[in-house]
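Below is one structure, written out as C-alpha cells; comments come after it.
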Amino acid sequence: MTGAHGARVRLAIVSLADQMIELLEYQGLDRPSAPAKPFDPGFAHLALVVDDIDALLARIAAYGWKAQGTPQPIASGARAGTRVIYAVGPDGATIEFMQPPLVTATTDPIS
C-alpha cells in the first residue's frame, strides 16, 4: 500500500482528546543518511496544542527530544501570542508544540 516492499511495520494507535492517531514505524528499509529538515519538500509533522510548553520541553528532554531553540511567540494573525517550537526526537521525528496565550477573565461593571 505504501510502496515499502519488504518492510516490517510496527503500528500503534493512540487515543488523544477523542481523536485516534495512527503511528507507523517502518523497519528493514534503507534510510537516508540524514533526517529530513522541516523545510525539505514533502516533510510532514504533527502540531499539538499544550498548556505549558516549558514544562513539556523539560519532560520530553529526558526521552532524548531536543527543542529547536526556544519557544517563539506568533507576532500577528489569528494565533497572535501563541508560543511555538519544534522538537526533534532521537529518531529524527519532528513535533511542533503550540501554547496559546492565557485568556484573562474580565469583569464587566454592573450598572
Side-chain angles (χ1 to χ4, degrees):
M1 141 173 133
T2 64
H5 301 287
R8 292 180 318 278
V9 179
R10 288 179 47 192
L11 166 76
I13 297 183
V14 180
S15 176
L16 178 69
D18 295 326
Q19 299 294 315
M20 300 297 284
I21 299 172
E22 181 181 86
L23 303 172
L24 301 173
E25 177 186 10
Y26 288 84
Q27 300 172 335
L29 297 173
D30 290 333
R31 303 275 183 210
S33 59
K37 302 289 185 207
F39 47 83
D40 286 342
F43 181 86
H45 75 281
L46 178 67
L48 300 173
V49 175
V50 299
D51 293 327
D52 186 341
I53 205 167
D54 298 307
L56 177 111
L57 292 173
R59 186 171 178 194
I60 66 174
Y63 296 96
W65 286 79
K66 293 181 174 50
Q68 302 301 287
T70 58
Q72 299 295 309
I74 295 175
S76 62
R79 292 198 170 123
T82 298
R83 295 174 67 213
V84 297
I85 192 163
Y86 279 29
V88 177
D91 64 353
T94 299
I95 297 178
E96 178 182 6
F97 296 104
M98 307 174 74
Q99 178 184 330
L102 292 175
V103 177
T104 55
T106 59
T107 306
D108 291 331
I110 300 175
S111 311

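Values below: every heavy atom of this structure, side chains too, minus hydrogens, waters and symmetry copies.
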Problem set entry | In one Ile/Leu/Val/Met/Phe/Trp/Tyr side-chain cluster, 4.5 Å: Leu46, Tyr86 | no

For this session: Can you measure from CE (Met98) to CG (Leu48) and round to the nearest 0.5 angstrom?
Result: 10.0 Å

Exercise. With the 4.5 Å side-chain cut-off for hydrophobic clustering, are Val49 and Leu102 part of the same group?
Worked result: no

For this session: Please round to the nearest 0.5 Å and tell me the distance separating atom CD1 of Ile95 and atom CG of Leu56.
Result: 9.0 Å

For this session: Write down the atom of Ala80, the atom of Pro101, and the distance for their closest heavy-atom approach.
Result: O-CG, 3.8 Å

Exercise. Got more than 12 heavy atoms from elsewhere within 6.0 Å of CG, Asp91?
Worked result: yes

Exercise. Val84 versus Pro71: any side-chain heavy-atom pair under 4.5 Å?
Worked result: no

For this session: Compare every heavy atom of Thr82 with every heavy atom of Pro100, then report the nearest pair and how far apart it is.
Result: CA-OG1, 3.8 Å

Problem set entry | Which atom of Ala87 lies closest to which atom of Trp65, heavy atoms considered | O-CZ3, 3.5 Å

Problem set entry | Where Arg83 and Ile53 come nearest, the two heavy atoms and their spacing | NH1-CG2, 3.4 Å

Exercise. Can you list every pair that meets salt bridge (charged side-chain N to carboxylate O under 4.0 Å, His left out) and has a residue in residues 58-77, with sequence neighbours left out?
Worked result: none

